[in-house]
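Side chains included, hydrogens not; waters and symmetry mates left out as well; all remaining heavy atoms used. Just so it is clear: chains get the letters A, B, ... in the order the sequence lines come, proteins before strands, and each one is counted from 1.
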Amino acid sequence: MRASSYFIPTLKEAPAEAEVPSHIFLIRGGFIRQLAAGLYEYLPLGYRVLKKIENIVRKHMDRAGALEVLLPILTPSELWQETGRWDVYGKELFRVEDRKGRMFALGPTHEETITDLVRKNIRSYKDLPKNFYQIQTKFRDEARPRYGLIRGREFIMKDAYSFDVSEEMAVKSYNLMKETYRKIFDELGLDYLMVEADTGAIGGKYSHEFVVKVPNGEAHIVYCEKCGYAANVEAAKYEFELDKLPPEEEKPLEKVHTPGVSSVTDVAQFLGVDEKKIVKTLVYILDDGTAVAVLIRGDRELNETKLINYFNVLDAHLASSEELEKLNIVEGFVGPIGLDIPVYADISVKDLHNFVVGANEKDYHYINVNIPRDFKPVEFVDFSTAREGDPCPVCKAPLKETTGLEVGHIFLLGTKYSEAMKAYFVDRDGREKPIIMGCYGIGVSRLMAAAVEQSHDENGIIWPESIAPFKLHILALNIKDSQIKDVAEQLYQKALGMGIEVLYDDRDISPGAKFKDADLIGIPYRIVVGKKVKEGKVELQKRGAEEKEEIKITDVEGFLQKLQ
RNA sequence: CGGAGCGUAGCUCAGGCGGUAGAGCACUGGCAUGGGGGGCCAGAGGUCGGCGGUUCAAGUCCGCUCGCUCCGACCA
């Protein structure tokens, strides 16, 4: 491709709204442009990258035996009503009405549609297993689209759905996808982790996320370097035993005056005790309106996902001042003793002795509290958020913490959708049974951003070879110099003839501008044709590497062969 | 959805004290040049987000509205 007839509108300055490297460089490099919040246009260069990512995903999905389909983006509301998600999915669902008043959703994901297809066309165990996938534009009316391609309202996703006759077979399908995902992300050249995850609103039995390690990522991950355990903090466990305080003789319960002192730090300081001996009492309101108290040691953070899962609700929130008042609970001095609502305790409170809690009375705390002498929680549950340094739940080595960008998520769904939508098959024994499902997503357009987040420098993008828009960039530094032009032209034709994807910068602009653009665009290999042609030499460079290498023009062919 | 900020040339931004709009870069033509966004000359480009109000006069003041961004909540 000749740069002079191509379309790469690079920018010297980043648009004011771009904050993160992938957003800045994809816009500056002429890969994408923004149309509206969360909506992006893929320009020729950007679309080349996107297609490369798609094709790598497609190749590995096909090899795994998955069957590519294309489902309508518009999905009738009736299907969403069947699974209850028309209401549950909430405002994130883009809803549209046709001229007859029938409601549709712009598909944010396609469990309903594919399950409908399968229930209408699969009747027997002989038709299973099957795994259908598609690569398609998805729509989610995000409350807050941000960071360019990382969180858009319209984005490209690969979504796959497996259908099996038994849980055992479904696990096999799930594991096959797990391996397939590894191959995909390996080939994309990304540094990623596969982590245990929470299933969230999609539901199901268990799930794993694939997370690209980037600074300031949205996903918080803990992982163990020793045994390989890794999990999203939403789902992460840790081995609490190692962090327990030593046993103590029980002292008599005492109420102490603590005027205006209510935060853990303040109470610990005021009473001169370790934060680990202060127990926080958090009042949560579940989505059915029930209030529960949850105790957790002062140095630990509560994990709302664990709480929501334990109580098997869709949502829960910390009680507001008004809600506390209605319950007759004294804000800032809440404690388990004499509380009228059910009290649950995090495992961090188990075997804790002579600790401090609020006295349910303004400006008072109890000290030397002991279980079960002074109160008895309904149950001890793991409610706390794992963090760096906590012992690994598998091997007890200290956990590490990192942030990342979720680029893939796989779920073993079980029968959630097949039962709701009556997707049954007739088994070998002649009985009708629900199909066991799994679903598997990859954020294709987000991967483009993830690759840039992970691979760039201050001058621009450094594309992994597998997804670079072109493999080779030829710069003719002075196109008016006929010798330079002839040599560059020759090399370009030769590369084209060898089937190498090459971008030839034949524009009549200054050398500096060409170098800057080349760095910004980030094509892996570069041949610079300049003054040295007079000595029969050109320069080779690899994007991201400092060194330049001068080689004889006659030797370029050998270099090109390596790029084929 | 709560909080905050910003909308002036293609991009980055100035002008804010009311008096008919500017810079740098980009763009067009010309000249000189050619190894890291370089120089000189000339030019084109704007209903100052929109609607309404105050005023002799509004980019500037007031009200409403739309859009974009950031923090948080939320998020397969």
Q: Rounded to the nearest angstrom, tell me the gap between atom CZ in A:R151 and atom P in B:C71.
A: 12 Å

(Q) Please report the distance, rounded to the nearest Å, between CD in A:E19 and C1' in B:U12. (A) 15 Å

Q: Write down the distance separating the C1' atoms in B:G38 and B:C25, rounded off to the nearest Å.
A: 13 Å

Q. Given atom CD of A:E13 and atom C1' of B:A23, what is their separation to the nearest angstrom?
A. 12 Å

Q. Is a side-chain N or O of A:E401 found less than 3.5 angstrom from the main chain of A:V222, in a donor-acceptor match?
A. no

Q) Whole Å only: how far is the NZ atom of A:K12 from the P atom of B:A23? A) 17 Å

Q.
Less than 3.5 Å apart, any donor N or O on the side chain of A:Y440 or A:S162 sitting next to an acceptor on the other?
A. yes

Q: Take atom C1' in B:U69 and the same atom in B:U28, then report the distance between them in whole Å.
A: 33 Å

Q | Base-pairing assignment for B:A73 (Watson-Crick or G-U wobble, both under 3.5 Å) | A | none

Q: Could you measure between the two P atoms, the one in B:A58 and the one in B:G19, and give it in whole Å?
A: 11 Å

Q. Is a side-chain N or O of A:K514 found less than 3.5 angstrom from the main chain of A:R507, in a donor-acceptor match?
A. yes

Q: Using Watson-Crick or G-U wobble geometry with both distances below 3.5 Å, tell me the partner of B:G19, or none.
A: B:C56

(Q) Under 4.0 Å, heavy atoms only, any strand: does A:R28 hit a base, just the sugar-phosphate, or nothing? (A) base

Q) Under 4.0 angstrom, heavy atoms only, what part of the nucleic acid is A:I27 near: base, sugar-phosphate, or nothing? A) nothing

Q. Among the nucleotides B:C74, B:C68, B:G36, which one has an atom lying closest to any side-chain atom of A:R526?
A. B:G36

Q: Would you mind checking if A:D457 and A:R543 are paired as a salt bridge, meaning a charged N to carboxylate O distance below 4.0 Å?
A: yes

Q: Could you give the distance separating B:C41 and B:U33 at their C1' atoms, to the nearest angstrom?
A: 15 Å

Q. Among B:C70, B:G34, B:C74, which is the nearest nucleotide to the side chain of A:R144?
A. B:C70

Q: Compare every heavy atom of A:S384 with every heavy atom of A:D346, then report the nearest pair and how far apart it is.
A: OD1-N, 3.1 Å

Q. Under the 3.5 Å rule, do the base of B:G34 and the side chain of A:K480 count as making a donor-acceptor pair?
A. yes

Q: For nucleotides B:U12 and B:G53, find the distance between their P atoms and express it as a whole number of Å.
A: 33 Å

Scan the side chains in residues 8-16 of chain A for donor-acceptor partners under 3.5 Å anywhere in the protein, sequence neighbours excluded, and list what turns up.
{"unit_1": "A:T10", "atom_1": "OG1", "unit_2": "A:D517", "atom_2": "OD1", "d": "2.9"}

Q. Choosing from B:C13, B:U69, B:G36, which nucleotide comes nearest the side chain of A:A16?
A. B:C13

Q) When rounded to the nearest Å, what value does the distance between P atoms of B:A9 and B:G24 take? A) 16 Å

Q. Quick one: does A:D481 reach the base of B:G34 with a side-chain donor-acceptor pair under 3.5 Å?
A. no

Q. Between atom CD1 in A:I484 and atom P in B:U33, what is the gap in whole Å?
A. 15 Å

Q.
Please classify the nucleic acid contact of A:A18 as base, sugar-phosphate, or nothing, using heavy-atom distances under 4.0 Å.
A. nothing

Q.
Under 3.5 Å for both donor-acceptor distances, Watson-Crick or wobble: does B:G46 have a partner, and if so which one?
A. none

Q: Flag the pair A:H208 / A:F210 as yes when their ring centroid distance falls below 6.0 Å, and as no otherwise.
A: no

Q: Quote, to the nearest angstrom, the P distance that separates B:G5 from B:C74.
A: 24 Å

Q. Counting side-chain heavy atoms from C-beta on, which of B:U12, B:G72, B:G35 comes nearest to A:R146?
A. B:G72

Q) Who is the Watson-Crick or G-U wobble partner of B:C6, with both distances under 3.5 Å? A) B:G67

**Q.** A:Y147, nearest nucleotide to its side chain (from B:C71, B:G38, B:G36)
**A.** B:C71

Q. Which part of the nucleic acid, if any, lies within contact of A:D141, taking any heavy atom under 4.0 Å across all strands shown: a base, the sugar-phosphate backbone alone, or nothing?
A. nothing

Q: Give A:K531 one of three labels, base, sugar-phosphate or nothing, depending on what nucleic acid heavy atoms sit under 4.0 Å from its own.
A: base

Q | Length of the line joining A:I509:CD1 and B:G35:P, which is rounded to integer Å | A | 14 Å

**Q.** Chi angles and distances behind the ring pair (Phe, Tyr, Trp, His ring centres under 6.0 Å) call for A:F383, A:Y310
**A.** CA-CA 9 Å; A:F383 279 135; A:Y310 175 78; 5.5 Å; yes

Q: Could you tell me whether A:A37 contacts a base, only the sugar-phosphate backbone, or nothing, with contacts defined as non-hydrogen atoms closer than 4.0 Å?
A: sugar-phosphate

Q: Identify whether any heavy atom of A:F155 sits under 4.0 Å from a base atom; if not, whether one sits that close to sugar-phosphate; answer base, sugar-phosphate or nothing.
A: base

Q.
Whole angstroms only, please: what is the CZ-C1' distance between A:F139 and B:C75?
A. 18 Å

Q.
Any side-chain N or O of A:Y89 below 4.0 angstrom from OP1/OP2 of B:C74?
A. no

Q) Starting at the 5' end of RNA chain B, which residue's closest nucleotide do you reach first, A:H23 or A:K158? A) A:H23

Q: Quote, to the nearest angstrom, the P distance that separates B:U65 from B:A42.
A: 48 Å

Q) Over how many whole Å does the gap from A:K516 atom NZ to B:G35 atom P extend? A) 15 Å

With 3.5 Å as the limit, what N/O pairs link the protein to nucleotides 5-10 of chain B?
none

Q: Could you work out which one of B:C68, B:G37, B:G35 sits closest to the side chain of A:Q34?
A: B:C68

(Q) Heavy atoms only, 4.0 Å cut-off, all strands: where does A:P108 land among base, sugar-phosphate and nothing? (A) base

Q: Output yes when A:K534 and A:D481 qualify as a salt bridge under the 4.0 Å nitrogen-oxygen rule, no when they do not.
A: yes

Q: Run through A:T109, A:T113, A:T115 and flag the one making a side-chain hydrogen bond (donor to acceptor under 3.5 Å, both in side chains) with A:E111.
A: A:T109

Q. Quick one: which of B:C68, B:G37, B:C1 gets closest to the side chain of A:A143?
A. B:C1

**Q.** Residue closer to the 5' end of RNA chain B, A:A316 versus A:K91 (nearest nucleotide)
**A.** A:K91

